[in-house]
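Working notes, structure below.
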Amino acid sequence: MNFLEVESLSKVFGGVHAVEDLSFDFQAGAVHSIIGPNGAGKTTLLNLLTGIYSPSAGRIRFEGQDLTGLAPHEFARRGIARTFQNLQLFFNMSALENVMVGRHLHERCGLASALLRFPRLSREELACREEAAELMRYVGLARYLGTAADAMPYGALKRLEIARALATRPRLLLLDEPAAGLNPTEALELDQLIGRLTGRGVTVVLVEHNMHLVMGVSDHILVLDYGRKLAEGPAAAVREDPRVIEAYLGSAAAARNLGAAGAAPRAGIGP
Amino acid sequence: MSAQFVQFLLTGLTVGAIYALVALGFSIIYNASQVINFAQGEFVMIGGMATVWFAAAGVPYAAAIPLAVAAAAAVGLALEKFAVEPARGASVVTLIIITIGASIFLRGLATLIWDKQLHVLKPFSGDTPIVLGGATLLPQSLWVLGVSLAIVLALAWFFGRTLLGKAMLATSNNRLAAQLAGIRVRHVLALAFALSAALGAIAGILIAPIAFTSYDVGVMLGLKGFAAAILGGMGSGAGAVVGGIVLGIAETMSAGYISSAYKDAIALLAMLAVLFFLPSGLLGRRGTERV
Amino acid sequence: MAARFATPRAGGMAALAALIALLPLGLRNDYFYDVAILVGLNAIVCVGLNLLVGYAGQISLGHAGFFGIGAYGSAILATRYGWPPLAAMLAATLAAAAIAFAVGRPILRLRGHYLAMATLALGVIVYMVISTEDRFTGGPDGMTVAPLAIGGWALRDPRLWYWVVGALLLAAVWFALNLIDSPTGRALRALHGSEVAAEVVGVDATRHKVMVFVVSAVYASIAGSLNAHFSGFITPAKVTFLHSIELVTMVVFGGMASTFGAVVGAAALTTLPQVLTPLKDYEMMVLGAVMMGTMIFMPRGVVPSLQALLTRRRDAAAAAAAPAPRPGDGQ
Ligand SMILES: Nc1ncnc2c1ncn2[C@@H]1O[C@H](COP(=O)(O)OP(=O)(O)OP(=O)(O)O)[C@@H](O)[C@H]1O
Ligand SMILES: [Mg+2]
């Protein structure tokens, strides 16, 4: 039984095949990266893997269970969490509360106990608050514990999304361009954070244009182009793959990718 | 076909044409600004009431009607400038409350300038019914159908053939790109509100000799115009016309054959059914929200 | 920490209770009591509606419909069928909850303008049924309603009604505050912030929306039943679209996502027409202007705007007292 199995997955928007006949297996306990030029279908794939879009065709199996067609909250219940390329935070709440929402699945709270404020609820709230604060410290947001989400800088918000996702206690965590918009120091910290995640028993799927980050942390890389699988394998092999090099150099994305590698521009794809 | 059926069909077409005009007004504003203008029905009211008022003051129709349409268009411009524009970028709920506030304000203003009575406008060319295969047709119905048809054709020409119309369509497709191409988006918005107000006012004037008009006719006519727009697919011009006609006929038929007590509920139920089961309407574009 | 978070709610509850207890000192005659009771009933509706609109971010332009179901349900059962009023009220409340539950699922899948129009249609349909089925409802002329009687004793004195409504308002506020402070309430606010993000952390959006829709319908229905029994007469005027709009305006004027704001909004907009009676003809224009003005100039509403102002003052004072820069906020 594979950890995550994707079988002939497709998603069509009007005439655009954003993901087309895609199949792959991911193993538990590793860092998998998904790379590809802009518009390759990476975000669409994550949306399919979290139930936000339902596939036009194909199946998704996670830990042996078929999740195809389920609602997003069912994907979360099964242990899949994610962050978003364009921030999706609860800007009407404090940073801490954002993370507390992530604990939603693990709280027993019926309507009656909510309306009447049973004492048990207050105790659980305290524990929830504690755990959320702990997660914020874990991702390096200790100083923002009392801050409103809409008063935080961009880099911190990216991490807040990771803390919120971790609060669901996922076994699979999907990160959509977590390094985009971060400065080199922040990107380095992210690198270390991802390394620590696997130690927590979380399998990571990383969608990223920052090749420095990708090559540093990935055990396995999947390359998409026009919604199809272009190549797949260990980082070293993918890096040398001529098709991958061509897809990157042949696209306008190449310049951006090399630039995005930031501190080590030549560490991108290529010799 | 029985004479009764023909009668219902003709009546349905007439009210359907009115709904279509109101629905077109909704669609034009929606396309230009992504706002559903809850005050759309008030344009209908202003058209009818202002014409009644001018006519009572002795102004001939040839002048009263253009004056009423111009008044409504001016109100449309003011609505855009003073209520919608200041709230650019605000949440949907905010915009809804602003346009509803505007509609209630206009209704209140109408009771002050005019009154709370029912009024009827004298038909444009008499009220001797025309007999048609056992059914009768009021000359005013011909006015409604003829003018509506002319307007639909004129709009099709405007959006399909003129530079200004194409600029408006471009703005609705992609605001930023339109701006970069040198289109003055603010002017397009103002034009959309004025145009949509004029359409509403014309609908209100055309129907006033057949149905009564009063300060609060806009509520129901606005709602039905919206239902028609939804039925056809919000934002689609052809959809608005089809939606209006289908709704008008469905309403008249069910009132005639089933029960007239719930005539007005038909439009609402149809709208709910479309929203639940066919959210993009008969002719609308379907899309998946991007994340 | 717990104490810090408990204070504003406890403080607010205490202030509201004190206000309700002391207000009668200023109520000179029965007319004043009538207005105060009306404020209380509207406030109950608004506290419930605010859970839906302000916290969960789901607009409803049809809540007068639930008010009407409560009012007419209770009135018809108690007056035409001789049910004990409390049983009639309970049945009407259950009916409102059942209807809200049944229509909630398809309606709350809609968003924005579509949700607004669908709830509007729902409210108008309830209005149409009430004004058409005159055998039961008396149609547009309305119907008389039996007083609220418990056993053989009928509650008629407005001074007693005042305390009943006051106590119920306190309870309504307390329940609402509890809900908002619970994990369920947090999930509702999360839906407002980002529905897709709430869903991917496991919040069942539809279930939560339907739940809060039902809760707000129950609030409106109970207030409707009480209103019918209190005034002894009910007409469809309370079930119109305009009344739905008035309710939403109270919520946004007082302040969305503020329970005490809902109470303030209800108080302000219920007493305004009483103050403006000499200007009765301008009532609609004033209502429309208040709606537009609030949204354009004070989109967060009175209470949150005042709160923000106070917090800023306090922060400024604190900064003046301790001029050292706060570390780390610069980046
Ligand atoms: N909701 C949608 N409706 C229509 N088309 C869509 C939608 N979402 C994505 N697409 C299209 O699908 C294709 C893949 O988009 P996607 O966002 O998945 O790419 P990506 O690999 O994440 O790109 P990037 O690196 O720029 O984030 C694009 O052509 C895009 O325009
Ligand atoms: Mg993407």
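Keep in mind that what you see is a predicted model, and the values were worked out from it rather than measured. Order of the sequence lines fixes the chain letters, A, B, ..., with proteins taken first and strands second; residue numbering starts at 1 for each chain. No hydrogens, no waters, no symmetry mates; every other heavy atom, side chains included, goes into these values.
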Got a second to check how far [X]'s [atom1] is from [Y]'s [atom2], nearest 0.5 Å?
X        : Y        : atom1 : atom2 : value
A:Phe91  : C:His192 : CZ    : NE2   : 13.5 Å
C:Glu199 : A:Thr50  : CD    : OG1   : 10.0 Å
A:His104 : C:Thr184 : NE2   : OG1   : 7.0 Å
C:Leu179 : A:Arg117 : CG    : CZ    : 11.0 Å
C:Arg186 : A:Met100 : CZ    : CE    : 3.5 Å
A:Met93  : C:Arg189 : CE    : CZ    : 5.0 Å

Partner chain A: residue of [options] with the largest heavy-atom pair count (under 4.5 Å):
options                                : result
C:Ile180, C:Thr206, C:Val196           : C:Val196
C:Ala198, C:Ser194, C:Gly193, C:Ala176 : C:Ser194
C:Pro183, C:Gly57, C:Ala197, C:Ser182  : C:Pro183

Nearest non-hydrogen partners of [X] and [Y], listed with the distance:
X        : Y        : result
A:Leu116 : C:Trp174 : O-CH2, 3.8 Å
C:Phe175 : A:Leu115 : CD2-O, 3.3 Å
C:Val215 : A:Leu111 : CG2-CD2, 4.0 Å

Using non-hydrogen atoms only, which part of A:Phe84 is less than 4.5 Å away from chain C: side chain, backbone, both, or neither? side chain
So what's closer than 4.5 Å to chain C heavy atoms on A:Glu125: side chain, backbone, both or neither? side chain
Heavy-atom pairs under 4.5 Å with chain C are the metric here; pick the option from A:Leu121, A:Asn98, A:Thr147, A:Asn92 that has the most.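 Option with the top pair count is A:Asn92.
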Please rank A:Ser122, A:Ala76, A:Ala114 by heavy-atom pairs under 4.5 Å with chain C and give me the top one.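 Maximum pair count with chain C is reached by A:Ala114.
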Determine whether the aromatic ring centres of residues C:His208 and A:His73 are separated by less than 6.0 angstrom. no
Do other residues, nucleotides or ligands put more than 12 heavy atoms under 6.0 Å from the OH atom of A:Tyr154?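 Correct, the count exceeds 12.
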Less than 4.5 Å apart, side chain to side chain, heavy atoms only: is that true for A:Ile52 and C:Val200?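 In short, these two side chains touch, coming nearer than 4.5 Å.
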